[in-house]
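Working notes for the structure below.
Chain letters run A, B, ... following the sequence lines, proteins first, then strands; residues in each count from 1. This one's a predicted model, so the numbers in the text were calculated from it and none came from an experiment.
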Protein chains: 2
Amino acid sequence: MTTIYDVAKRANVSAMTVSRVINNASSIKKETRLRVEKAIKELDYIPNRSAQSLTSKDTRLLSLIVTDVTNPFYTRIARGAEDKAHEEGYQLVFSNSDENIEKESSYIRSAISRGIDGILFTPSGDDSRKNIKFIQKHNIPVVLIDRYLDGIELDSIIGDNHTGTKKLMNHLYEYGHRKIGFVTGPNSVSTTRERMEGFKSFIEENHLPYNQKWVFTTNLTNMKTSHFIKDLLTLPKEDRPTAIFCTNNFLAVDLMNSLNNIDLKVPDDISIVCFDDPQPIPMHNSFFTVVSQQPYEYGYIGLSMLINRIEGKQKEEQKRIVYTPELMIRHSTKIIN
Amino acid sequence: MTTIYDVAKRANVSAMTVSRVINNASSIKKETRLRVEKAIKELDYIPNRSAQSLTSKDTRLLSLIVTDVTNPFYTRIARGAEDKAHEEGYQLVFSNSDENIEKESSYIRSAISRGIDGILFTPSGDDSRKNIKFIQKHNIPVVLIDRYLDGIELDSIIGDNHTGTKKLMNHLYEYGHRKIGFVTGPNSVSTTRERMEGFKSFIEENHLPYNQKWVFTTNLTNMKTSHFIKDLLTLPKEDRPTAIFCTNNFLAVDLMNSLNNIDLKVPDDISIVCFDDPQPIPMHNSFFTVVSQQPYEYGYIGLSMLINRIEGKQKEEQKRIVYTPELMIRHSTKIIN
DNA sequence: AGACTTTTTGTTACCGATATCATAAAATAG
DNA sequence: CTATTTTATGATATCGGTAACAAAAAGTCT
């Protein structure tokens, strides 16, 4: 490996001078600068960031922790974050927590061990609180993305789940649906919880019928929506929901698969709505009626906030940015009489 | 920041002893080990990887360079790679080259600067050759994924594009299609080139009609398939292709959008096939007829190969793994008479 | 030209860990 | 109980940079 000393020797200067050239410090004679730069080129010298970090205390490395990049929502967050990071000369280490606290902790530990400058973080759920405490104890800037945690004050960028839910419910209502089912993940997650609250209050405010059997909660790893469907079918036809609200895209896809498997058609037999596009591409012919958020912006802006915090541009109190999701009416819902 | 010296002081031992405990070296009295471990816990000490890397020369950091994580094919490669990395105690820095050589170079430079232990790499195209030379000059292990470069011997994991193409073409043929169009990206990419070769040889072997106007080449950044469609429509109806082969999923999606925009329906008016699922989720109701590869495995196995190379388990000559894509007949193709 | 600034370059110590060699303590042997 | 081997711990130099100060060179001024 070529070091700063090799370059120094070749350019006939001290190591310090080379260091100055690398960091284009002031007060270097043009002539020596050129000589050093020549030596750098000739030797293919690249500075060793580990060594730099040892003195400078920064690494220009950031950590992105999401639950699963494979979820198009997070894929686009990742892309947005990476774009901003690249623009600003940072790089991104990415991690999939799979909604698993242990995994999350282990990623955080190694991130800290690496001396990453900050973390862009989608917490698994309420249990993540201790992980956040841990991060804070180590004085590392964090920005929460998509989910927040009660009682923890942090920069964050999230969606307005109440409004989003209301938009979807309203759409179903206008399409004539009154019996509306609800499929959701564990409510240790803020987004899920808020969507559930939104759902319930809509039901109440509009005096819609409500049946405990229309509600299904799943952990996200093995969904088992098929069980739910089977249960629904035990009800007399007039007691079944005509539409189902899913708190996220993965659930909607899984639910639809379960329905298709027993030859129930969406939207002819039942309508489905959910949060977030299941598809990564803004396709003309997307199928699901959703409220759509702007994950790319979440990632991009979230990362800007993080960098501002790191570089001390944002000194004041925490900032929370809230985006309002947009209703996209597509083909998974149908007007009924 | 807590250092090894803080721990040493607290546990009343030398720094070296702490280091030994961290790396669970042999020959430490159980009693001192416990004392040190206690101190580590109490101080929340986490070793500084930058410092470790300075002596050990490894970082347990790997670089993943793909063209765009947002493409579900690469999303899943990323996930596969990250899973394996995590299992083995490595972490992944990820980068989107956007098929842009300059970006690619800049990512490689900073990866090397970081001292990453290896690179899992989807080269932008033929121009990436110089980037690979550069990586090799710095003695960094690389595994190529999805695309290879002629004349460069490296571990790689790729798909069998000839067979894949033949499968799709055969399917169209069996469905009665004879006039088949072709939409492709820049052929500086090995996959594209091979698919094009496969296409041409199929046409020749089966004496199918061929018309230069049925072929459209685009750079992948601004596709402009709509121009292509407009051109097709200037042909008399009987001279238009009844099916179009796209070399990748993004092109297929874009093409379909263009068709929809002028009220041409897939598959009723025209059939489409392509490589790789546009959707990240194995959905029951996926639309496109494709040959599907196993990107998750590409990532997972590619990363294993990389680690083997890094850790010296794979000393011998280069290894090339070739996967055969599988035909998935869905709803974007139609039998014609 | 000499005194005084200002600019440019070099020296040394240090960042936080570990390799290497040295030493102390414990275990075993004679 | 000393001599010898083995095991456990420590001192020091080093990895590749940079901060902080020191020194040398160049430029200004009288």
Going by atom type alone, with no hydrogens or angles, which donor-acceptor pairs under 3.5 Å involve a side-chain atom of residues 138-145 of chain A and a protein atom two or more places apart or on another chain?
none

Under 4.0 Å between any heavy atoms, over every strand shown, what does [X] touch: base, sugar-phosphate, or nothing? Just pick one.
| X | result |
| --- | --- |
| Ser56(B) | nothing |
| Ser53(A) | nothing |
| Val18(A) | nothing |

Legend entry - Stretch residues 36-52 of chain A: residues that reach within less than 4.0 Å of DNA chain C through a heavy atom: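 Nucleic-acid contacts, sorted: none.
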Inset, instruction - Could you check if a side-chain atom of Ser19(A) sits within less than 4.5 angstrom of a side-chain atom of Ile4(A), using non-hydrogen atoms only? - result: yes
Inset, instruction - Flag the pair Glu82(A) / Leu303(A) as yes when at least one side-chain heavy-atom distance between them is below 4.5 Å, and no otherwise. - result: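 In short, these two side chains do not touch, never coming nearer than 4.5 Å.
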Inset, instruction - Check ring pair (Phe, Tyr, Trp, His ring centres under 6.0 Å) between Tyr323(A) and all other residues, then give those that pass, not counting sequence neighbours. - result: Tyr298(A)
Just how far, in rounded Å, is [atom2] of [N] from [atom1] of [X]?
| X | N | atom1 | atom2 | result |
| --- | --- | --- | --- | --- |
| Asn12(A) | dT8(C) | CG | C1' | 16 Å |
| Glu31(A) | dT8(C) | CD | P | 12 Å |
| Lys30(A) | dT7(C) | NZ | C1' | 15 Å |
| Lys57(B) | dA17(C) | NZ | P | 16 Å |
| Ile112(A) | dG16(C) | CD1 | C1' | 17 Å |
| Leu34(A) | dT8(C) | CG | C1' | 15 Å |

Legend entry - Set of salt bridge (Lys or Arg N to Asp or Glu O under 4.0 Å) partners for Lys38(B), sequence neighbours left out: Glu42(B)
Inset, instruction - Any salt bridge (charged side-chain N to carboxylate O under 4.0 Å, His left out) involving residues 131-142 of chain A? Give me the pairs, sequence neighbours left out, ordered by first then second residue. - result: Lys137(A)-Asp44(B)
Legend entry - Toward the 5' end of DNA chain C, by each residue's nearest nucleotide, Thr17(A) or Tyr5(A):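 Mapping each residue to its closest nucleotide by heavy atoms, the 5'-most match is Thr17(A).
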Inset, instruction - Show your reasoning for whether salt bridge (charged side-chain N to carboxylate O under 4.0 Å, His left out) applies to Arg20(B) and Glu37(B). - result: CA-CA 11 Å; Arg20(B) 287 189 181 104; Glu37(B) 278 166 354; over 6 Å; no
Inset, instruction - Kindly state each residue pair satisfying ring-ring contact (aromatic ring centres under 6.0 Å, His included) with at least one member in residues 94-113 of chain A, sequence neighbours excluded. - result: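 Only Phe94(A)-Phe94(B), Tyr107(A)-His86(B) qualify under ring-ring contact (aromatic ring centres under 6.0 Å, His included).
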Inset, instruction - Using a 4.0 Å heavy-atom cut-off, write out nucleotides 20-25 of chain C from 5' to 3' as B (base contacted by protein), S (sugar-phosphate only) or - (no contact). - result: B-----
Legend entry - Among Asn71(A), Thr70(A), Asp68(A), Thr75(A), the one residue meeting side chain to side chain donor-acceptor pair (under 3.5 Å) with Arg79(B):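 Result: among Asn71(A), Thr70(A), Asp68(A), Thr75(A), Asp68(A) is the only option passing the side chain to side chain donor-acceptor pair (under 3.5 Å) with Arg79(B).
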Inset, instruction - Determine to 10° how strongly the helix from dA1(C)-dT30(D) to dG30(C)-dC1(D) is bent, judged from the axes of its five-pair ends. - result: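 Comparing the first five pairs with the last five, the axes sit 40° apart.
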Legend entry - Residues that Ser56(A) engages under side-chain hydrogen bond (donor to acceptor under 3.5 Å, both in side chains), provided they are two or more places apart: Asp58(A)
Inset, instruction - Taking side-chain hydrogen bond (donor to acceptor under 3.5 Å, both in side chains) as the test, write out the residues that go with Tyr300(A), two or more places apart. - result: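 Tyr300(A) satisfies side-chain hydrogen bond (donor to acceptor under 3.5 Å, both in side chains) with Glu87(A) once adjacent residues are dropped.
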Legend entry - Which residue lies more 5' along DNA chain D, comparing Thr32(B) with Ser19(A) via nearest heavy atoms: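 Looking at DNA chain D, the more 5' nearest nucleotide goes with Thr32(B).
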Inset, instruction - Would you mind telling me which residue lines up with the more 5' stretch of DNA chain D, Arg33(B) or Ala15(A), judged by nearest nucleotide? - result: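 This one resolves to Arg33(B).
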Legend entry - Short N-O contact, Arg109(A) and Glu102(A), less than 4.0 angstrom: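 No, this pair does not count.
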Legend entry - Passing candidate, side-chain contact (heavy atoms from CB on, under 4.5 Å) with Thr2(B), options Ile40(B), Ile46(B), Leu43(B):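 Of the listed options, the one satisfying the test is Leu43(B).
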Legend entry - Range on DNA chain D touched by chain A, heavy atoms, distance below 4.0 Å: dG16(D) to dA20(D)
Legend entry - Partner residues of Thr67(B) under the side chain to side chain contact (heavy atoms under 4.5 Å, CB included) criterion, sequence neighbours left out: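 Thr67(B): side chain to side chain contact (heavy atoms under 4.5 Å, CB included) contacts with Tyr74(B), Ser97(B), Glu99(B), Thr122(B), Arg147(B).
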